[in-house]
Amino acid sequence: MKVQTIMADLERKHPGENEYLQAVQEVLESIEEVYNLHPEFEKAKIVERMVEPDRIFTFRVTWVDDRGEIQTNLGYRIQFNSAIGPYKGGIRFHKAVNPSMLKFLGFEQTFKNALTTLPMGGAKGGSDFDPVGKSDAEIMRFCQAFMWELWNNIGPDTDVPAGDVGVGGREIGYMYGMYKKLAREYNTGVLTGKGMTWGGSLIRPEATGFGALYFVEHMLAKAGKSIKGATVAISGFGNVAWGAATKATELGAKVIAISGPDGVVYNPEGMNKEKLDYMLVLRASNRNIVAPFAEKFPDATFIPGKKAWSIKCDIALPCAFQNELNGDDAAELIANGTWCAAEVSNMGCTPEAIATFQGAGILFAPGKAVNAGGVATSGLEMTQNAMHLSWSAAEVDQKLHYIMESIHAACVKYGTQEDGYINYVKGANIAGFMKVAQAMLEQGIV
Ligand code: 2IT
């Protein structure tokens, strides 16, 4: 395989799809060496097939807003790879959603899902619908209109969507209601992240953030460090940031920053239950601003226009959006003494940021390993749905622990360099890739 040739080909076919090209390049660069040791992969053109989604559904979503005006958005579902299981991955509602963003997410999801140890293929979907400022009724009508188009292409053994940025329990509820009406079947396993009274799994809301902290604990233990007493800066204040802040606090760390598009909240005293609960209120308000946190808790200060990375911290956890931490941010963090960074958002760091962290020899782990606890717990939800029963929170949490430990071990196995530094990016990419590639090889030319 020649990474440059494949990338040049992809750039020609998909000009301007920057996030997608960035995600593919990162994976190909990490696996090149191992791939070239497997002529059978080369012969079966595994990489050339793997970098393109199996299929993309694009559809128009028309709905009526509260003023009675007709609105039209674009909807997508990208079924990326089904080598190891049914398509699986979240749905993102955000004004910047486009095919490039969803292709990068679907591509990443394929490897992430492979890492979870569970049988799930990769997918992603979404819409350029902007939930900011929308009423509950508008969100319901949009979710219903979106599902009206999508329902026929998903199913418990076909493709199982879930939440992502802009899609939480409320949106999954509205989509499930419409799915059930159209399909005339109570197929709980068709969506994950459901409510607890109708097939949802305990711990799913917490799972992405909790799993991330379990991964970080393993990473620190391996390096002979502890999270107890460490200061943690988190970007975002949504579901993932909330789960990460909750578990970090429980483990004895001090979460000294959360952020939003409007700026960062410096929170030197750390979190407590009231503050963590308020993060959920902030998110549910649909205003997409973090400033009110500092109005409610006077020990915290709002700094407009600044990122979480401007706050001095031991551990940096991007929990919001792709490319939210760039090379300059990484340099600023390192100058301020940060010794660990773990992506909880998908592709939260730019390639320059990753190179800066790794170049400085600090602990760094990529999203597809760190945040895999979310989709892993979705997989556990699918299992419970298929068995028509539900497990206790303790049972799900214990399985989540085991899965994060396995992912960490896989990263160490494939990512440990000769000098002893663990390249978690390489480790995660190779471990995920090997599993998917082997399955594709064994299933022939399809
Ligand atoms: O990025 C992700 O892994 C998710 N948004 C969760 C996907 C899922 O199917 O639970």
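As the structure lists them, so they are numbered: ligands from 1, and atoms in each ligand from 1.
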Please state whether Ala372 comes within less than 4.0 angstrom of ligand 1, counting heavy atoms only.
-> no
Numbered in order shown, the ligand 1 atoms found under 4.0 Å of a heavy atom of Asn346 are 1 (O)
Backbone, side chain, both or neither: what part of Lys368 comes under 4.0 angstrom of ligand 1, heavy atoms only?
-> neither
Using heavy-atom distances, let me know which of Thr208, Leu105, Asp164 sits nearest atom 5 (N) of ligand 1.
-> Asp164
Could you go through the ring pair (Phe, Tyr, Trp, His ring centres under 6.0 Å) check for Tyr424 and Phe364 one step at a time?
-> CA-CA 7 Å; Tyr424 282 90; Phe364 175 79; 8.8 Å; no
Would you say Lys222 has more than 12 foreign heavy atoms packed within less than 6.0 Å of its NZ?
-> no
At a 4.0 Å threshold, what atoms of ligand 1 neighbour a non-hydrogen atom of Ala162?
-> 8 (C), 9 (O), 10 (O)
Heavy atom of the protein closest to atom 10 (O) of ligand 1 (residue, atom name, distance) | Ser378 OG, 2.5 Å
Go through ligand 1 atom by atom and flag the ones less than 4.0 Å from a non-hydrogen atom of Gln109.
-> 1 (O), 2 (C), 3 (O), 7 (C)
Axial cation check for Phe129 ring with Lys134, 6.0 Å and 45° limits | yes
So, are Glu26 and Lys368 salt-bridged, with charged N and O less than 4.0 Å apart?
-> yes
Salt bridge flag under 4.0 Å for residues Glu52 and Lys13 | yes
the protein heavy atom lying closest to atom 7 (C) of ligand 1 turns out to be Gly90 N, 3.6 Å
Is atom OH of Tyr421 surrounded by more than 12 heavy atoms (other residues, nucleotides or ligands) closer than 6.0 Å?
-> yes
Heavy-atom contact under 4.0 Å between Lys124 and ligand 1?
-> yes
Ile403 and Thr116 have their tightest heavy-atom pair at CG2-O, 3.4 Å
Considering only protein heavy atoms, which is closest to atom 9 (O) of ligand 1, and at what distance to one decimal place?
-> Lys88 NZ, 2.6 Å
Go through ligand 1 atom by atom and flag the ones less than 4.0 Å from a non-hydrogen atom of Lys112.
-> 1 (O), 2 (C), 3 (O)
Over 12 foreign heavy atoms within 6.0 Å of CD, Glu250 = yes
At a 4.0 Å cut-off, with the gap strictly under it, does some heavy atom of Arg204 reach an atom of ligand 1?
-> yes
Ligand 1 atoms nearer than 4.0 angstrom to some heavy atom of Gly163 are 4 (C), 5 (N), 6 (C)
Go through Tyr176 and Tyr186 one step at a time and tell me if the ring pair (Phe, Tyr, Trp, His ring centres under 6.0 Å) criterion holds.
-> CA-CA 9 Å; Tyr176 186 70; Tyr186 208 100; 5.5 Å; yes
